[in-house]
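To start, the structure itself, in C-alpha cells.
Everything numeric in this text was worked out from a predicted model, so none of it was measured.
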Amino acid sequence: MAKLILVLAILVGVVFNISIKVGAFAASGWTPAHATFYGGSDASGTMGGACGYGNLYQTGYGTRTAALSTALFNDGASCGQCFKIICDYKTDPRWCIKGASITITATNFCPPNYALPNDNGGWCNPPLKHFDMAQPAWEKIGIYRGGIIPVLFQRVPCKKHGGVRFTINGRDYFELVSISNVGGAGSIQSVSIKGSNTGWMAMSRNWGANWQSNSYLNGQSLSFEVTTSDGVTRQFLDVVSPNWSFGQTFASKIQF
C-alpha cells in the first residue's frame with residue numbers, strides 16, 4: 001500500500017509539475033563555533049553582501065542573517081543556508097542569554113583578517129567556524145557588551161514565505177540571475193535555464209547566489225530547473241513572463 005501511494009504521488013507530481021521530496025533536508029547535529037555582530041542596531045549595514053541578495057529587507061531575509069567565515073561559506077555555495085544558533089551558556093554564562101536561540105540565513109561572507117590572531121580579532125580566519133551575525137539577531141542570544149560569544153549551531157531546513165525569487169540582471173547575451181528566498185536546503189547546487197524557444201541549458205555560478213547564462217533570451221518566457229544542495233530538483237516553468245526586462249524580479253507560486 002505504501003509503495004502504491006508513493007507511485008501515485010510521483011504521477012501527480014509529473015502531471016502537475018510538483019516535485020516530490022524523497023528524503024528532504026533534515027537538521028544536522030550541533031557544532032561549536034563563535035559569533036560576533038555587525039551592521040548596526042537596525043541591520044542597515046548588512047545590506048548587499050557576498051551572496052548578492054541586495055536589500056535584505058525587500059528580499060524577505062530581514063535582520064535574521066549572518067556572514068559566514070571561510071570554513072562555512074564554501075566559496076558562496078552556502079548562500080541561503082539556514083542555521084539555528086544558541087549561545088553556549090555553560091561556556092560563557094556572563095554574556096550568553098540562557099536558553100535563547102535564533103535561526104538565521106547565510107547572506108554574506110566574513111573575510112579573514114590575517115593581521116590579527118585567530119583568538120583575538122581574526123575570528124573569521126581559517127579554519128575557524130564563525131558567524132558574524134546581524135546585530136538584532138545576535139542580541140537575541142547574547143549580551144551586547146560581550147562582543148563575541150561561544151555558540152552551538154546546527155544547519156536546519158529553511159522555512160520561507162512566498163515563492164522562490166528570480167532577479168534578472170545582465171545584458172543581451174548575458175543573463176545574471178540571482179535566486180533567493182529558497183526553502184528546504186536553502187542553498188543551490190545547480191541551475192538550468194530554458195527560454196520558450198530553446199531547450200534546457202546549464203547555468204554556471206558566477207558569484208554567491210548569482211547564476212549566469214550566455215544566451216540571447218530577450219522576448220522569451222523563462223523557466224528554471226533548480227537543484228538544491230540536498231539533491232532535490234524542482235522546475236519553475238514560465239516563471240518569467242516574455243516581456244521581462246533586466247532588473248526585474250519574478251516570484252514562483254511554489255517552494256521547495
Side-chain angles (χ1 to χ4, degrees), residues 6 9-10 12-14 16-29 43 46-47 49-68 72-74 76-85 101-109 131 133-134 136-137 140 153-168 177-194 203 205 207-211 222-240 248-256:
L6 177 59
I10 292 173
V12 169
V14 171
F16 293 101
N17 188 34
I18 300 171
S19 31
I20 305 301
K21 298 184 186 179
V22 179
F25 183 80
S28 66
T46 65
M47 300 300 110
C51 290
Y53 293 135
N55 187 313
L56 300 179
Y57 300 141
Q58 296 176 358
T59 50
Y61 295 109
T63 63
R64 298 192 170 207
T65 64
L68 306 185
L72 295 172
F73 190 67
N74 195 20
S78 297
C79 287
Q81 291 181 0
C82 295
F83 298 88
K84 184 175 183 179
I85 302 176
S101 68
I102 190 167
T103 297
I104 57 88
T105 303
T107 58
N108 204 352
F109 173 56
F131 296 87
M133 300 170 63
K140 297 290 185 182
F153 74 92
Q154 62 175 182
R155 189 176 162 199
V156 296
C158 296
K159 298 178 181 179
K160 300 301 180 184
H161 299 290
V164 177
R165 298 172 184 169
F166 301 86
T167 300
I168 318 296
V177 183
S178 173
I179 305 176
S180 60
N181 204 50
V182 178
S187 54
I188 297 172
Q189 177 177 298
S190 63
V191 181
S192 292
I193 189 172
K194 179 184 180 301
M203 303 184 77
R205 188 192 304 276
W207 61 279
N210 289 277
W211 295 78
L222 304 181
S223 302
F224 296 92
E225 183 176 88
V226 180
T227 300
T228 48
S229 55
D230 59 347
V232 174
T233 298
R234 168 150 279 186
Q235 290 185 345
F236 302 88
L237 299 180
D238 299 317
V239 68
V240 175
Q248 285 187 297
T249 298
F250 298 83
S252 67
K253 294 180 180 179
I254 55 176
Q255 256 294 356
F256 281 91

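Taking both residues in full, the closest heavy atoms of Gly183 and Phe256 are given as O-CB, 3.6 Å, listed atom of the first, atom of the second, then distance. For the pair Cys158 and Val182, the tightest heavy-atom approach, listed with the atom from each and the gap, is CB-O, 3.7 Å. Nearest heavy-atom pair across Glu225 and Thr233 is CG-CG2, 3.6 Å. For the residue pair Ala50 and Trp207, the shortest heavy atom distance occurs at O-CE3, 3.3 Å. Between Ala27 and Pro157, the closest heavy-atom pair is N-CD, 4.0 Å. When every heavy atom of Phe73 is checked against every heavy atom of Cys79, the shortest pair comes out as CE1-SG, 3.8 Å.
By the side-chain contact (heavy atoms from CB on, under 4.5 Å) test, Ser223 pairs with Lys194, Trp200, Leu237, Asp238, sequence neighbours left out. In this view, Ala251 and Arg165 satisfy the side-chain contact (heavy atoms from CB on, under 4.5 Å) rule, not counting sequence neighbours. With sequence neighbours excluded, the residues forming a side-chain contact (heavy atoms from CB on, under 4.5 Å) with Ala134 are Ala43, Thr46, Thr65, Pro136, listed by chain and number. In this structure Gln189 satisfies the side chain to side chain donor-acceptor pair (under 3.5 Å) test with no other residue, sequence neighbours excluded. Residues meeting the side-chain contact (heavy atoms from CB on, under 4.5 Å) test with Ser190, sequence neighbours left out: Thr227. A search for side chain to side chain donor-acceptor pair (under 3.5 Å) contacts involving Asn181 returns nothing, not counting sequence neighbours. Legend: residues meeting side chain to side chain donor-acceptor pair (under 3.5 Å) with Lys160, ordered by chain and number and at least two apart, are Thr105. Among residues two or more places apart in sequence or in another chain, the ring pair (Phe, Tyr, Trp, His ring centres under 6.0 Å) test is passed with Tyr61 by Tyr53. With sequence neighbours excluded, the residues forming a side chain to side chain donor-acceptor pair (under 3.5 Å) with Ser229 are Arg155, Ser187, listed by chain and number. Taking Phe153 as the reference, Phe83, Phe131 meet the ring pair (Phe, Tyr, Trp, His ring centres under 6.0 Å) condition, with sequence neighbours excluded.
Residue Ile104 holds its CD1 atom at 11.5 Å from OG1 of Thr63, rounded to the nearest 0.5 Å. Taking CZ of Phe224 as the reference point, atom CZ of Phe250 lies at 9.5 Å (rounded to 0.5 Å). Ile179 contributes atom CD1, which lies 13.0 Å from atom SG of Cys51 (distance to the nearest 0.5 angstrom). The CZ atom of Arg205 sits 11.5 Å away from atom CE of Met203, with the distance rounded to the nearest 0.5 Å. Rounding to the nearest 0.5 Å places CD of Gln154 at 8.5 Å from OG1 of Thr103.
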>> Using side-chain contact (heavy atoms from CB on, under 4.5 Å), reason through Phe166 and Val191 one step at a time and then give a plain yes or no.
In response: CA-CA 12 Å; Phe166 301 86; Val191 181; 5.9 Å; no
> Going through the checks in order, is the side-chain contact (heavy atoms from CB on, under 4.5 Å) test met by Gln58 and Thr249?
Replying inline: CA-CA 11 Å; Gln58 296 176 358; Thr249 298; over 6 Å; no
> Going through the checks in order, is the side-chain contact (heavy atoms from CB on, under 4.5 Å) test met by Met47 and Leu56?
Replying inline: CA-CA 6 Å; Met47 300 300 110; Leu56 300 179; 3.8 Å; yes
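A donor-acceptor pair under 3.5 Å is formed between the side chain of Ser78 and the backbone N or O of Leu72. Judged by distance alone, the side chain of Gln255 and the main-chain N or O of Gly162 form a donor-acceptor pair under 3.5 Å. Judged by distance alone, the side chain of Asn74 and the main-chain N or O of Ala77 form no donor-acceptor pair under 3.5 Å.
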